[in-house]
Amino acid sequence: MPELAEVEFYRKQWLPLGGQAVTGVRLHPRARVFRGVQTAGLQAALLGQKASASFVHGKQMLFHFSAGGWLGLHLGMSGSLDWRPVPCHPGPHDHLVLETGQGAAVFHDPRMFGRVTWHPGTEPPAWWTVRPPGLLEPGFTPALLRQALQRHPRAPLKAVLLRQEYFPGIGNWMADEILWRCALHPALPAGQALEAVPVLWKIVRQVARDALRVIGTDWGQPPASWLFPHRWKDGGICPKTGAPLLRATIAGRTTCWSPSLQKLPRPARSR
DNA sequence: GTGCTTGTTGGCCA
DNA sequence: GTGGCCAACAAGCA
């Protein structure tokens, strides 16, 4: 589930960790989420430390610890963070538990597409410092969006929106919501959407802001005027047109759109 | 049992 | 070499 706003919501679940010493670290060393990480070293490094700051960028989270060191978290498809009372009894999918005197921070991920990383030292890891501009940062400009579309002119628009190197934090539902609000067909080749760059840029930022406000603060219910509540099952009705929504796989992902609103131009006939 | 799933990566092929 | 597609990863749910 986790996209931009969900990730921000989960970061906040771990806020009680701030300022409290970690008294116990529990993890399953063989869990796929630790691929490439020395788990024994991670346990030793976290013990006794206090989380001093936390950050979100796109779908990436980063927690800074007092004595130096950075815990990176990606929630993948099914990951989540929560805060539980102690003593904490981890379930089979609770892969990382940081216990304190006041409660336990838990990373839970049944499908294990998520990822935990550890970077020692005072400077943040390289993957964090080279990140692309966030959708609501000044560096995310219409020109940058145009470049992304021009770089992949034959790819479906939806596939380009899902690329994290241009649009950090956009996931499947956000991409559908953006294209629906822009009245652009998800399968439109990106190179044919250049005229729409100003409106696309505006709506990308609008959806990011709306998602953070509604979901990112307290996981509220998105209003019925969005595509969001209507896109999950076959038989949904477009809240703009009142006509049935269509669902199909585009760019390898389940995609929902409103056919009378989001039209594909008829291909030019060769002769 | 079957067939889905809100993410990412690497291999394959044009 | 480049770009795009798709299977694989793993588990839960309908």
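Atom set for the values below is all heavy atoms of this structure, side chains included, hydrogens, waters and symmetry mates excluded. A, B, ... follow the sequence lines: proteins, then strands. Residue 1 opens every chain.
The number of heavy-atom neighbours closer than 6.0 Å to CZ of A/Arg154, taken from other residues, nucleotides and ligands shown, is 12 or below. Within a 6.0 Å sphere centred on CD of A/Glu195, other residues, nucleotides and ligands contribute 12 heavy atoms or fewer.
Using a cutoff of 4.0 Å between basic side-chain nitrogens and carboxylate oxygens, A/Arg205 and A/Asp210 are not scored as salt-bridged. Note on A/Lys158 versus A/Asp176: salt bridge recorded, some NZ/NE/NH1/NH2 to OD/OE distance being below 4.0 Å. Looking at A/Lys59 and A/Glu3, no side-chain N of the basic residue comes within less than 4.0 Å of a carboxylate O on the acidic one, giving no salt bridge.
Annotation: side chain of A/Trp180 is in contact with side chain of A/Gln262 (closest heavy-atom distance under 4.5 Å).
Distance from the side chain of A/Phe113 is smallest for C/dC9 among the nucleotides B/dT8, C/dG4, C/dC9. Nearest nucleotide to the A/Pro110 side chain, out of C/dC9, B/dT8, C/dG12: C/dG12. Nearest nucleotide to the A/Glu3 side chain, out of B/dT6, C/dG12, C/dA10: B/dT6. Checking C/dC5, C/dA11, B/dT8 against every side-chain atom of A/Met112, the shortest atom distance belongs to C/dA11. Candidate nucleotides C/dG4, B/dT6, C/dG12 were compared by shortest atom distance to the side chain of A/Trp232, and B/dT6 ranks first. In the set C/dC9, C/dG12, B/dT8, C/dG12 carries the atom at the smallest distance from any side-chain atom of A/His93.
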Dot-bracket encoding of pairs in DNA chain C, which uses [ ] for pseudoknotted crossings and | for another strand, Watson-Crick or G-U under 3.5 angstrom: .||||||||.||||

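Residue A/His152 places at least one side-chain N or O under 4.0 Å from the OP1 or OP2 atom of C/dG4.
Judged by the 6.0 Å distance and 45° axis criteria, A/Arg181 is positioned over the aromatic ring of A/Trp226. For the pair A/Arg131 and A/Trp127, the NZ or CZ position fails the cation-pi test of under 6.0 Å to the six-membered ring centre and within 45 degrees of the ring normal.
For the segment residues 158-172 of chain A, residues with any heavy atom less than 4.0 angstrom from an atom of DNA chain B are, sorted by number, A/Gln164, A/Gly171, A/Asn172.
Put simply, CD1 on A/Ile250 is 12 Å from P on C/dC6, counting in whole angstrom units. Per the geometry, NE2 belonging to A/His95 stands 8 Å off P belonging to C/dA11, to the nearest Å. Between A/Met77 atom CE and C/dC9 atom P the separation is 14 Å, expressed in whole Å.
Looking at which nucleotide of DNA chain B each of A/Arg115 and A/Arg111 is closest to, the 5′-most match is held by A/Arg111. For the pair A/Arg151 and A/Gly252, both in contact range of DNA chain C, the more 5′-proximal nearest nucleotide belongs to A/Arg151.
A/Arg154 comes within contact range of the sugar-phosphate backbone alone, with a heavy-atom separation under 4.0 Å but no base atom that close.
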message: Determine whether A/Phe228 and A/Trp173 satisfy the following criterion, ring pair (Phe, Tyr, Trp, His ring centres under 6.0 Å), listing intermediate values before the conclusion.
response: CA-CA 7 Å; A/Phe228 183 98; A/Trp173 82 254; 4.7 Å; yes

